[in-house]
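First listed ligand is number 1; within each ligand, the first listed atom is number 1.
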Amino acid sequence: MQPQHDVIVIGAGISGLYQLHTLRQRGFKVRVFETGTGVGGTWYWNRYPGARFDSESYSYGYSFSKELLDEWDWTEHFSPQPKTLEYLNFVADKLDLRRDIQFNARVAAAHWREETRDWHVTLDDGSEHVARFLVTAIGPLSTPTWPKIEGIDSFGGVSCHTARYPKEPIDFTGKKVAVIGTGATGIQTIQEVAKTAGTLTVFQRTPNWAAPLHNATISKAEMAEIRTQYPDILKRCQETFSCFLHTPDSRAALEVTPAEREAHWEKLYGSKGFGMWQGNFRDILVDRKANALVSEFVARKIRERVKDPATAEKLIPKNHGFGTRRVPLETRYFEVYNQPNVRLVDIKETPIERITPNGLQTSAESFDFDIIIYATGFDAITGSFDKIDLRGTDGRTLKDTWTGGPKTWLGVQVEGFPNMFMVMGPHTALGNIPRSIEYNVEWVTDVIAHMRDRGLTRAECRPEGVKEWTDHVVALGEGLLSNEVDSWMTGINRNVDGKTVRTVARYSGSAPAYRARCDAVATGGYREMALS
Ligand code: NA7
């Protein structure tokens, strides 16, 4: 079978849409395969109540097109999912992207063919497609995981995972609702469902440190003002550590006086977005003493906000410090537990034994529910790769290649997988993700264009490059308190076989350093790669 396309892109989320656009702009014939029935990726699937950005909307949208920036109005500082999905549809229409996207199309397998130097892709429906290059734009958090609880299929009411939430909203009025999971997703869901549910029971295994979001609407006049500031906003995102508007304070918590510390933390706790996590003193995520102090500050806030002291204690994490897991941002989350219709069940104390036709059974009690929402997270970073039968040279699978943790070159290539490029793969700078995506996508497009212009048909990273980058990523993670804690960021998900040992799957250096490294490869004529 001859190649029908220059490039096959898997996924039509923020990465895939921009990858399609940049490649098309450079004259490539591109086909995008997307499992969903529409564009949006993360923002297509995560329709759960309360889903929204934790990054400021105006720092999150695409930055490459003045026209898009000029024509799109954000309505809230932290955009809710329906508006974000509307935005991504607006982008797809504006750039006329849909004609090259096939929806309802899940890639089941992608095999490299050395003799013809191309990728042979098979969809779920058995159809086959061939392209010279393969770009994975499948997202780091896109394969939802359900808990392994006995009887999960026996429930007679409505149940769903937050990342597979139905398109028709569920009405909670007067209903008995359960939410299992208290990560960033669970917290957004809980604070929304609590507004209308008859009763809401939250099943918490591990509490997470959360900080206030301080969302607000954006008026037309304010949006006009923001638009004039776009150059500064986007420039700042390019300069900060993780592409957020917030970046670590140059001072250490332990260098300043207790009064200065307190004042800084009060200010951060009272300001919008990720400041408390990303704009904090530079030592809180590496120094145990500094981390204990900031954790104590946030614990105090929880105790002030939750009326029942026993409930407050349950909501305060004891097994990890503030910021060592992804910090959920919340809007009156802790106050939810002061409502008479809301109850917190600590399932470390009384584990869930089984889901029953009417609800669920813990070791202490039987509960009846109309609705159970699973906010139980994702098989993060490598999970979406594992679901595809990806085979490189000699038929070796990617899953086998990554046993014991991912090994990559710059997070964009894998040894033995020529002509495959990853956008937001393991070992790339995630941070404020669209900013990282735009860089990654443009870099990949440049390599592919470089090859075409020189008649080159095969690109593979070199083994020594993979070792150097993987060692570098592991070294960057040393000393970070977050790498001592179980979370999706350290590759742990006990709902997935084999994801019980911590791995370093995230690049934890700065985004500017990452870009400088990748820029050097490009300006060096990609000599670090084996191109032929
Ligand atoms: P997370 O952060 O992985 O949270 C999943 C939650 O579900 C967490 O509280 C888990 O408890 C809980 N969980 C997982 N499995 C079970 C079982 N079997 N029983 C009970 N509770 C369970 O996923 P999110 O979707 O909230 O957020 C993922 C990222 O998406 C987020 O960080 C943002 O970047 C966007 P645990 O902590 O494992 O004890």
Side-chain angles (χ1 to χ4, degrees), residues 13-14 41-43 45-48 50-55 60 78 81 84 139-152 160-165 178-191 201-211 213 242 244 273-274 277-278 314-315 317-320 323-330 333 344-355 360-363 372-381 383-384 424 430-434 436 482 485-497 499-500 502 505-506:
I14 297 178
T42 290
W43 301 104
W45 293 105
N46 287 270
R47 297 164 186 266
Y48 62 86
R52 66 172 66 247
F53 291 165
D54 283 339
S55 297
Y60 192 100
F78 302 90
Q81 177 272 338
T84 305
L141 292 153
S142 46
T143 297
T145 49
W146 296 69
K148 288 182 186 163
I149 308 177
E150 196 192 313
I152 196 160
C160 61
H161 192 289
T162 45
R164 289 294 177 272
Y165 203 80
V179 174
I180 301 177
T182 52
T185 301
I187 285 177
Q188 287 189 335
T189 307
I190 290 160
Q191 66 200 15
T201 311
V202 175
F203 293 89
Q204 170 188 271
R205 187 164 68 182
T206 313
N208 280 299
W209 297 102
L213 175 68
S242 299
F244 293 108
F274 271 137
W277 188 32
Q278 296 289 324
K314 283 185 182 158
L315 290 164
K318 305 291 188 309
N319 70 345
H320 68 282
T324 61
R325 289 175 130 197
R326 200 282 205 178
V327 174
L329 296 185
E330 47 85 22
Y333 171 67
L344 178 67
V345 176
D346 180 342
I347 54 171
K348 279 240 167 81
E349 273 173 18
T350 55
I352 298 174
E353 291 183 337
R354 75 187 74 85
I355 306 290
L360 67 78
Q361 173 79 44
T362 66
S363 60
I372 300 179
I373 301 176
Y374 295 93
T376 45
F378 300 89
D379 186 356
I381 303 180
S384 299
M424 294 298 95
L430 298 176
N432 186 16
I433 213 157
S436 306
S482 58
V485 175
D486 287 355
S487 74
W488 68 258
M489 302 197 302
T490 50
I492 302 291
N493 185 331
R494 293 201 164 73
N495 302 314
V496 183
D497 291 336
K499 299 265 167 117
T500 53
R502 287 186 206 137
R506 279 186 328 134

Exercise for the section: Determine the interplanar angle of the Tyr374 and Trp146 rings, folded into 0 to 90°, and report it as parallel if under 30°, tilted if 30 to 60°, perpendicular if over 60°. Expected result: tilted

Short N or O contacts of ligand 1 with protein, under 3.5 Å, listed by atom name?
{"unit_1": "ligand 1", "atom_1": "7 (O)", "unit_2": "Ala375", "atom_2": "O", "d": "3.2"}
{"unit_1": "ligand 1", "atom_1": "9 (O)", "unit_2": "Thr182", "atom_2": "N", "d": "2.9"}
{"unit_1": "ligand 1", "atom_1": "9 (O)", "unit_2": "Gly183", "atom_2": "N", "d": "3.4"}
{"unit_1": "ligand 1", "atom_1": "15 (N)", "unit_2": "Arg205", "atom_2": "NH2", "d": "3.4"}
{"unit_1": "ligand 1", "atom_1": "15 (N)", "unit_2": "Asn495", "atom_2": "ND2", "d": "2.9"}
{"unit_1": "ligand 1", "atom_1": "18 (N)", "unit_2": "Asn495", "atom_2": "OD1", "d": "3.2"}
{"unit_1": "ligand 1", "atom_1": "25 (O)", "unit_2": "Thr185", "atom_2": "OG1", "d": "2.6"}
{"unit_1": "ligand 1", "atom_1": "26 (O)", "unit_2": "Ala184", "atom_2": "N", "d": "3.1"}
{"unit_1": "ligand 1", "atom_1": "26 (O)", "unit_2": "Thr185", "atom_2": "N", "d": "2.9"}
{"unit_1": "ligand 1", "atom_1": "26 (O)", "unit_2": "Thr185", "atom_2": "OG1", "d": "3.3"}
{"unit_1": "ligand 1", "atom_1": "32 (O)", "unit_2": "Trp488", "atom_2": "NE1", "d": "2.9"}
{"unit_1": "ligand 1", "atom_1": "34 (O)", "unit_2": "Arg326", "atom_2": "NE", "d": "3.1"}
{"unit_1": "ligand 1", "atom_1": "37 (O)", "unit_2": "Thr206", "atom_2": "OG1", "d": "3.4"}
{"unit_1": "ligand 1", "atom_1": "37 (O)", "unit_2": "Arg325", "atom_2": "NH1", "d": "3.1"}
{"unit_1": "ligand 1", "atom_1": "37 (O)", "unit_2": "Arg325", "atom_2": "NH2", "d": "3.0"}
{"unit_1": "ligand 1", "atom_1": "38 (O)", "unit_2": "Arg205", "atom_2": "NH2", "d": "2.9"}
{"unit_1": "ligand 1", "atom_1": "39 (O)", "unit_2": "Arg205", "atom_2": "NE", "d": "2.8"}
{"unit_1": "ligand 1", "atom_1": "39 (O)", "unit_2": "Thr206", "atom_2": "OG1", "d": "2.4"}

Handout entry: Which residues share a salt bridge (Lys or Arg N to Asp or Glu O under 4.0 Å) with Asp346, sequence neighbours left out
Key = none

Fill in the blank from the handout: Here the gap from Ile180 atom CD1 to Thr162 atom OG1, rounded to the nearest 0.5 Å, amounts to 11.5 Å

Exercise for the section: Please round to the nearest 0.5 Å and tell me the distance separating atom CZ of Arg205 and atom OG1 of Thr376. Expected result: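 Here the interatomic distance stands at 9.0 Å.
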
Handout entry: Flag for Ser384-Thr143: side-chain donor and acceptor within less than 3.5 Å
Key = yes

Handout entry: Pro317 vs Arg325 side-chain heavy atoms within contact, under 4.5 Å
Key = no

